[in-house]
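Written out below as C-alpha cells is the structure these notes cover.
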Amino acid sequence: MTIMDDFRSDTVTRPDAAMRAAMASAEVGDAVYEDCPTTRRLEAMAAERLGKEVGLFFPSGTQANLAGLMVHCARGDEYLVGHKAHTFLYEGGGAAVLGSIQPQPLPNEPDGTIALALIEGAIKPDDFHHARTRLLTLENTFSGLVLDPAYLAAATELAHRHGLSTHLDGARLMNASVATGCEADGIAQGFDTVSLCLSKGLGAPVGSVLAGSRDLIRTARRLRKMLGGGMRQTGILAAAGIHALEHNVGRLAEDHARAARLADVLAAFPELGSGSAQTNMVFMTPVATDVEAFRRFLADRGIAVGGRYGSLRWVTHLDVDDASVNRVRDACEEYFSGDAPH
Ligand SMILES: *Cc1c(COP(=O)(O)O)cnc(C)c1O
C-alpha cells in the first residue's frame with residue numbers, strides 16, 4: 001500500500017507546481033564564488049526576517065546547526081544543551097565527532113525550557129580541570145512546543161552575562177512565530193546565531209539558513225566548506241526557499257488548526273492515551289494499545305505516523321488535508337470497534 005496520508009513529519013512535503021516553476025526559472029551562478037544571485041537573495045531575505053546581518057544557505061539543518069556550534073566553540077569547549085534537543089540527540093553526535101565540542105546536556109522541562117538555575121549552575125569556572133563552557137543552545141519550537149518569549153530573553157541574557165554565546169535551533173521557528181504572532185526577528189533576538197529549516201513545514205525540498213553577524217557568518221562560511229556544504233548552482237534550491245518564505249509562512253496556521261482538529265479526533269479513542277496539539281504536532285503514548293500493531297493497521301490503509309519507543313507522533317503539513325484527518329478517524333473507528341485485535 002502506498003502512503004497516501006503521511007503524518008510522519010513535515011519533511012515529507014513535495015514541492016508543488018508553483019515552487020517547481022520558480023526552481024526551473026531560477027537565475028544561478030556558482031555559490032561558492034558567491035556568484036549565485038538567487039542564493040544571495042534567499043540569504044538576504046532570511047537574514048532580514050531573522051533580524052540578523054547575514055544569512056548563509058546550508059544543505060541541511062544538521063549542518064547549519066553544526067556550523068553554528070562550531071562558530072562559537074573550539075576544540076575542548078563545551079555547549080549547554082537540552083537532553084532532548086535535536087543538536088544533542090538527533091544529529092549523530094556531530095558536535096563531539098566533528099567539532100570536538102563536548103555537550104553538557106541539561107534536563108529539558110516538559111515545556112521545552114531548561115531551568116535557568118541549572119544553566120547557571122552548569123557554567124564551569126575557569127579551571128583547567130573543566131572543558132570551557134562557551135555556548136548555550138536552545139530549540140524553538142521544541143517538539144512542537146513554543147518557548148515563552150520571556151524565557152528566551154531571560155536565558156539568553158543569563159548566558160551573555162556569563163560570557164557565553166547563544167545559538168537557536170530554529171528549525172521550526174516560523175511555526176513559533178505564526179502560533180504566537182511574534183515576528184521571527186523578535187524570537188531570534190537574544191541569539192547570536194539562528195538556524196531555520198526551509199524543508200520542514202515551509203515546504204522546500206532542501207535547505208536551511210544560518211543567520212548571524214557578518215563576522216560569525218564569515219567563520220561559518222569557512223566551516224561550511226570544511227563540512228562539505230559548499231555547493232555550486234544552489235539558486236535552483238534557493239528559489240524554492242524564497243518561494244517558501246513568500247508563500248508558506250502564514251499558511252502554517254492551517255497546519256496548526258489541522259493538528260488541533262486531529263487531536264480532537266484522536267481524543268475520541270481513549271485507548272490511544274491523551275495528546276494535545278502543539279503547533280503542527282500531536283504526541284501520544286498509548287498504554288492500552290499495541291502501538292506497532294496499530295501502526296501496521298494504519299499503514300495498510302495508506303496512513304503513516306511517526307514516533308518511536310512506543311509513542312506516536314502526528315505532524316501536519318502542506319501535503320495532508322482535512323480528508324486525511326477524516327481517514328485517520330475512520331481507521332481508528334475501525335480499529336477500536338472491538339473486532340480488530342488491539
Ligand atoms: C529537522 C530538524 C533539524 C535539522 O534537520 P535536517 O533534517 O538536517 O534538516 C534541526 N533541528 C530540529 C529541531 C529539527 O526538527
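Numbering of ligands and ligand atoms starts at 1, following listing order. Residues take their numbers from the sequence shown, with the count starting at 1.
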Heavy-atom cut-off of under 4.0 Å around ligand 1: list whichever protein residues fall inside it, by chain and number.
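Protein residues near ligand 1 are Ser60, Gly61, Thr62, Asn65, His86, Glu91, Glu139, Asp169, Ala171, Arg172, Cys197, Lys200.
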For Glu139 and Thr87, work out which heavy atoms get closest and say how close.
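Nearest heavy atoms, Glu139 then Thr87: OE1-N, 4.5 Å.
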Flag this pair as yes if the NZ/CZ of Arg295 is under 6.0 angstrom from the six-membered ring centre of Phe297 and inside a 45 degree cone about the axis; otherwise no.
no
List in chain and number order the residues that pass ring-ring contact (aromatic ring centres under 6.0 Å, His included) with His317, two or more places apart in sequence or in another chain; answer none if no residue qualifies.
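Applying ring-ring contact (aromatic ring centres under 6.0 Å, His included) to His317 gives none.
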Could you tell me whether the side chains of His72 and Asp77 share a donor-acceptor contact shorter than 3.5 Å?
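Result is no, nothing qualifies.
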Do Arg251 and Leu318 touch side chain to side chain, with heavy atoms closer than 4.5 Å?
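Result yes, sub-4.5 Å side-chain heavy-atom pair found.
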Ring centres of Phe336 and Phe294 under 6.0 Å apart?
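Yes, they do, as the ring centres are separated by less than 6.0 Å.
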